[in-house]
Amino acid sequence: MEFEVLGPLRVRSGDVVPVLGPRKQRLLLAVLLGHPHGSFSADYLVDALWGSEPPPSAGANLRLYTRGLRVILGPDRVVRERGAGYRLDVDCAEVDACRFVASVREGQEALAADNPARARRELGAALELWQGPPFVDLSATSALSEERSRLEEWHLVALEQRIEADLRLGQDASLVAELSALVNRHAFRERLWSHLMLALYRSGRRADALETYRRARGVLVDELGLEPGPELRSLERAILTSDPELRRTDATEVPARGPVPAQLPGSPLGFVGRDAEINRLNEITEGAGVVAVVGPAGVGKTALAVRWAQLSRHLFPDGQLFADLRGFGAEAPLHPGLVLERFLRALDVPPWRIPAETEERGAVFRSLMADRRMLVVLDNAASAAQVRALLPGAARGLTLVTSRLRLDGLATTHGVPRLSLGPLPMADAVALIRERLPYHGKGAERLAELCDRIPLALRIAASRLEMSTYDSAVAELVAEMADERVRLDRLAVDEDEISVRAVLRASLRPLSEAARRTFHLLGLHPGPKPSLSVAVALAGGSAGETRELLGRLVSAHLLQPVSGDHYVMHDLVRIYAHERGLAEESAERRDQAMTAMLTWYRDAANAADRVLRPKERPNFTSPAGPVEFADENAALAWFDADAANLNAAVRAAAHTHPAPAWQIAAAMYGWLQRRHHTKQWADLYTVAAEAAVRAGDPGGEAMITGRLAVAHSLLGDTDSAVAACLRAHRLRLGLGDTLGAATALLNLAAVYVNARRPEEAIRRLDEAAALGTSLPDAHHFHALLHSNLGEAHHLVGRLDQAMSHYRTSLEISETGCGDRDIAQILVSMSALHRDMGAYESSVSCGRRALALATRAGDTVLRAESHEALGLAHVARERVKEAAAHLEAALAVYEELGHDKAGVVRDHLDRLGGAPVR
């Protein structure tokens, strides 16, 4: 998370800029940001927000604002300490003002160490953070005046010292205009007058420098009644006598040695953003001989390299060489010998003195570069070998390489630091679109998303709209590109000469046939993040072979590795891979790959579900899973990582491979319950039920439909839930499945309990109990039966009967069920004990439920346990313990958007606010 105060007050979380709420809530955040980790008393904050005459509700409103900030920033950000103090838990790196001051100090240290180039970079980086007066949107607030003044003084210091660094680097003439404006705005800053005098003198304008001294003296005498200080007076004397000490003596001066090459292309038109990457290049180029910028096609590597090179030209007074190595074009890559010939000509080597052999040309090139401070830009490199032949050896300058490959070989042999370039941040992507378009509607962000925030795609999309004068053109293009089947068609101009397809085709061309085929088959994967194991299933090779082929795709930036042996493709790359898979792989091969992938997902998910629900009825019969899970946490972690893939697999296979489609959904049941993804559960099982019908499997349809009823009930759709239960019941009876039919009635009763219709629930539970008499070993069924009876009788008010059923359920669960089932019963028993006035028993049940829910990895059940404990402590009038548990529950409910959040918030408000931390 990033906090911005240099300009308007803003908070950023990735690409999201949350609304910070009412003005006083924003003012509270601004005051807390003035001293990160510093503690402020409530009285101080009330005075800062309301002044000397706060309203009677100020204390309550302060608590309201702190709670509002916790919702926006996270529950642990605004901390209430003992003694009613508040502090903001934030790192210096997260606050632009803190980073600004740190960079200025780094620049000061570099100047003191006589390193003006580093000082220029640090101070320039600091000034780029300055977006305007601090807290400009809260400018009328006196509570911020001291912090605002402090930061504005640091800003002036940064300007003065950055200009001093520029003077040491010989940027005299280019500073005159800037300094002339600064002395008009800050007429009492003698250091600025001094800098202007020196810049004028070194630019050959001695008379103007002396006139500037007279102007400065006039301002100081007339306005302040003071003569200039010793620095200005001594500088005037030195200029009058043309003191040789005033001449520039920095290290950028070099002897004349013939023509100075200046081959850099012009700065890219419409270049936006990349501030962080330019700063990173400043860091890694310092002291380095070779640096590489790598990244996927179209991401803007060349534009960034040229932009940085133009900004850094003053560091390379002996000139700049540039070559497009044509690594991924339609033509063959440039031979290093040809590049060396061009470079030697630029360095004024006569044609008859250029050797014929590449190796000898390299030796001459290295000799000429040895004492020169030059920049060499090698753009679009095809390989590490191509680059190695062009490196200037132990030169004093820098070679900057760009490539679509990772250049691992170059990093290995030469220790080359690399900057990996990714898509633009959303704000910069939108800025790039709007720079080309007379359009400021909301569709720009969606268009940027559809272009993967890749500069090439963004520019192509913008060029298609450049001549449009109506806002609907953007909406129309967005609507077209939302269809993945035509998205790449829309990202092409000049009859496909300039297109996303063309650059991806060029990236794929140098790869082996096996690597290209792996790319095609990955395009058939329906989810966003295939794992190595799934790639093995798709490709049909060994794990070692597949890992090697995936590595080649990663090196070409067509694939990105992420955590847990998973890989991702940008959407445009994935769409292209899918196109090529359909075009170049036979229908038989595609079906074989799809079947192998679905089978792998089905069996792995079923193995994980058996770990989560070992005592419950199996989903279906399947072979041993391809993955082993040590415990419930491992199974949950696997589902968390692959849930999106499983969901996509069900939807993609529902029509073509319906049997594994419904089976994968069935195997996700335990995870869906634990994680309480209720809307996803309902949507997924609706698709899965249709797949089971399509597969002609009434048993599968009954299982999916019965579980779908639970999701409908949790979402409050009682009618759909009842219909699903009755459908599952009929199917189970038709199959002669007694346990299944009884379970369907159990689910129906749970629906009625959720709908607060306990008498109907009890009637259905009695029917289920009658069926269950023939199922003595169905422990999980009987535990749930008594648990639901306990809840239904509790609702009716028959508390003793409810407790009897809960105790029976608990006894069965402790011998035949898992931690999660026991924890659910204990949460219900805690509430019942509280209603019966047995508060200590209520606390005891809540504590045990919390321990079991935590061990089971069930986030919502853990929150429900905290809630039960909190309410038990409320009943005992133990406010501190109650508040701690209720806030723990609230944090989870708010994060999940759970409907219980409002109820828990009301309990906390009645306790008098957030607990002391």
Counting only N and O atoms by type, is there a donor-acceptor contact under 3.5 Å from the side chain of [X] to the main-chain atoms of [Y]?
{"X": "Arg404", "Y": "Ala381", "value": "no"}
{"X": "Asp96", "Y": "Val5", "value": "yes"}
{"X": "Arg118", "Y": "Leu111", "value": "no"}
{"X": "Glu190", "Y": "Gly229", "value": "yes"}
{"X": "Thr399", "Y": "Val290", "value": "no"}
{"X": "Arg233", "Y": "Pro228", "value": "yes"}
{"X": "Gln320", "Y": "Pro317", "value": "no"}
{"X": "Lys301", "Y": "Pro296", "value": "yes"}
{"X": "Arg307", "Y": "Phe271", "value": "no"}
{"X": "Asp137", "Y": "Leu9", "value": "yes"}

Notebook entry, point to check: Yes or no on salt bridge (Lys or Arg N to Asp or Glu O under 4.0 Å) for Arg148 and Glu152, after CA distance, side-chain angles and deciding distance?
Noted result: CA-CA 6 Å; Arg148 188 182 298 113; Glu152 287 175 342; 5.3 Å; no
Under a 4.0 Å N-O cut-off, is there an ion pair linking [X] with [Y]?
{"X": "Arg99", "Y": "Glu106", "value": "no"}
{"X": "Arg150", "Y": "Glu147", "value": "yes"}
{"X": "Arg274", "Y": "Asp428", "value": "no"}

Heavy-atom side-chain contact between [X] and [Y] under 4.5 Å:
{"X": "Leu456", "Y": "Val299", "value": "no"}
{"X": "Leu340", "Y": "Leu390", "value": "yes"}
{"X": "Leu196", "Y": "Ser180", "value": "yes"}
{"X": "Leu175", "Y": "His195", "value": "no"}
{"X": "Phe365", "Y": "Leu347", "value": "yes"}
{"X": "Val294", "Y": "Thr402", "value": "no"}
{"X": "Leu151", "Y": "Leu6", "value": "yes"}
{"X": "Leu304", "Y": "Leu281", "value": "yes"}

So how far is it from [X] [atom1] to [Y] [atom2], rounded to the nearest 0.5 Å?
{"X": "Ile72", "Y": "Arg26", "atom1": "CD1", "atom2": "CZ", "value": "10.5 Å"}
{"X": "Leu232", "Y": "Ser194", "atom1": "CG", "atom2": "OG", "value": "5.5 Å"}
{"X": "Arg185", "Y": "Leu156", "atom1": "CZ", "atom2": "CG", "value": "9.0 Å"}
{"X": "Glu4", "Y": "Glu2", "atom1": "CD", "atom2": "CD", "value": "6.5 Å"}
{"X": "Leu192", "Y": "Ile163", "atom1": "CG", "atom2": "CD1", "value": "6.0 Å"}
{"X": "Glu122", "Y": "Arg162", "atom1": "CD", "atom2": "CZ", "value": "14.5 Å"}

Which atom names give the shortest non-hydrogen contact between [X] and [Y], and what distance separates them?
{"X": "Leu398", "Y": "Ala288", "value": "CD1-O, 3.6 Å"}
{"X": "Ile354", "Y": "Arg345", "value": "CD1-CG, 3.8 Å"}
{"X": "Leu167", "Y": "Arg202", "value": "O-NH1, 3.1 Å"}
{"X": "Leu240", "Y": "Arg206", "value": "O-NH2, 2.7 Å"}
{"X": "Leu27", "Y": "Leu49", "value": "CD2-CA, 4.0 Å"}
{"X": "Leu334", "Y": "Asp324", "value": "CD1-O, 3.1 Å"}

Note to self: Please determine whether the number of non-hydrogen atoms from other residues, nucleotides or ligands lying under 6.0 Å from atom CD of Glu146 exceeds 12.
What the structure shows: no
Note to self: Does Tyr44, at its OH atom, have more than 12 non-hydrogen atoms belonging to other residues, nucleotides or ligands within less than 6.0 Å?
What the structure shows: no
Check: Any side-chain donor-acceptor pair under 3.5 Å between Ser203 and Asp172?
Finding: no
Item checked: Ring center gap for Tyr86 and Phe40 short of 6.0 angstrom -> no
Notebook entry, point to check: Step by step, would you call Leu138 with Leu144 a side chain to side chain contact (heavy atoms under 4.5 Å, CB included)?
Noted result: CA-CA 8 Å; Leu138 299 167; Leu144 300 174; 3.9 Å; yes
Margin query: For a side chain to side chain contact (heavy atoms under 4.5 Å, CB included) check, start with the C-alpha distance between Phe316 and Arg372, then their side-chain angles and the critical distance, and finish with the verdict.
Written below: CA-CA 8 Å; Phe316 306 100; Arg372 298 179 192 243; over 6 Å; no
Next item on the list: Determine which pairs satisfy ring pair (Phe, Tyr, Trp, His ring centres under 6.0 Å) with at least one residue from residues 95-134, sequence neighbours left out, and list them in order.
Entry: Phe100-Trp130, Trp130-His155
Checklist line | Sequence neighbours excluded, every pair satisfying ring pair (Phe, Tyr, Trp, His ring centres under 6.0 Å) that has a member inside residues 207-228 | finding: none
Check: Does Asp114 have any salt bridge (Lys or Arg N to Asp or Glu O under 4.0 Å) partners at least two apart in sequence or in another chain, and if so, which?
Finding: Arg168
Next item on the list: Start with the C-alpha distance between Arg87 and Leu32, add both sets of side-chain angles, then the distance that settles side chain to side chain contact (heavy atoms under 4.5 Å, CB included), and finish with yes or no.
Entry: CA-CA 6 Å; Arg87 66 178 173 86; Leu32 293 173; 5.8 Å; no
Checklist line | Residues that Glu227 engages under side-chain contact (heavy atoms from CB on, under 4.5 Å), provided they are two or more places apart | finding: Arg217, Val221
Next item on the list: Please list, chain by chain and in numerical order, all residues satisfying side-chain contact (heavy atoms from CB on, under 4.5 Å) with Ala238, sequence neighbours excluded.
Entry: Asp243, Leu246
Notebook entry, point to check: Taking it one step at a time, do Thr285 and Trp308 satisfy side chain to side chain contact (heavy atoms under 4.5 Å, CB included)?
Noted result: CA-CA 11 Å; Thr285 54; Trp308 181 86; 3.4 Å; yes
Checklist line | Working for salt bridge (Lys or Arg N to Asp or Glu O under 4.0 Å), residues Arg280 and Glu283 | finding: CA-CA 5 Å; Arg280 179 62 181 149; Glu283 293 173 7; 3.0 Å; yes
Margin query: By the side-chain hydrogen bond (donor to acceptor under 3.5 Å, both in side chains) test, which pairs, at least two apart or in different chains, include something from residues 414-423?
Written below: Asp408-Arg418
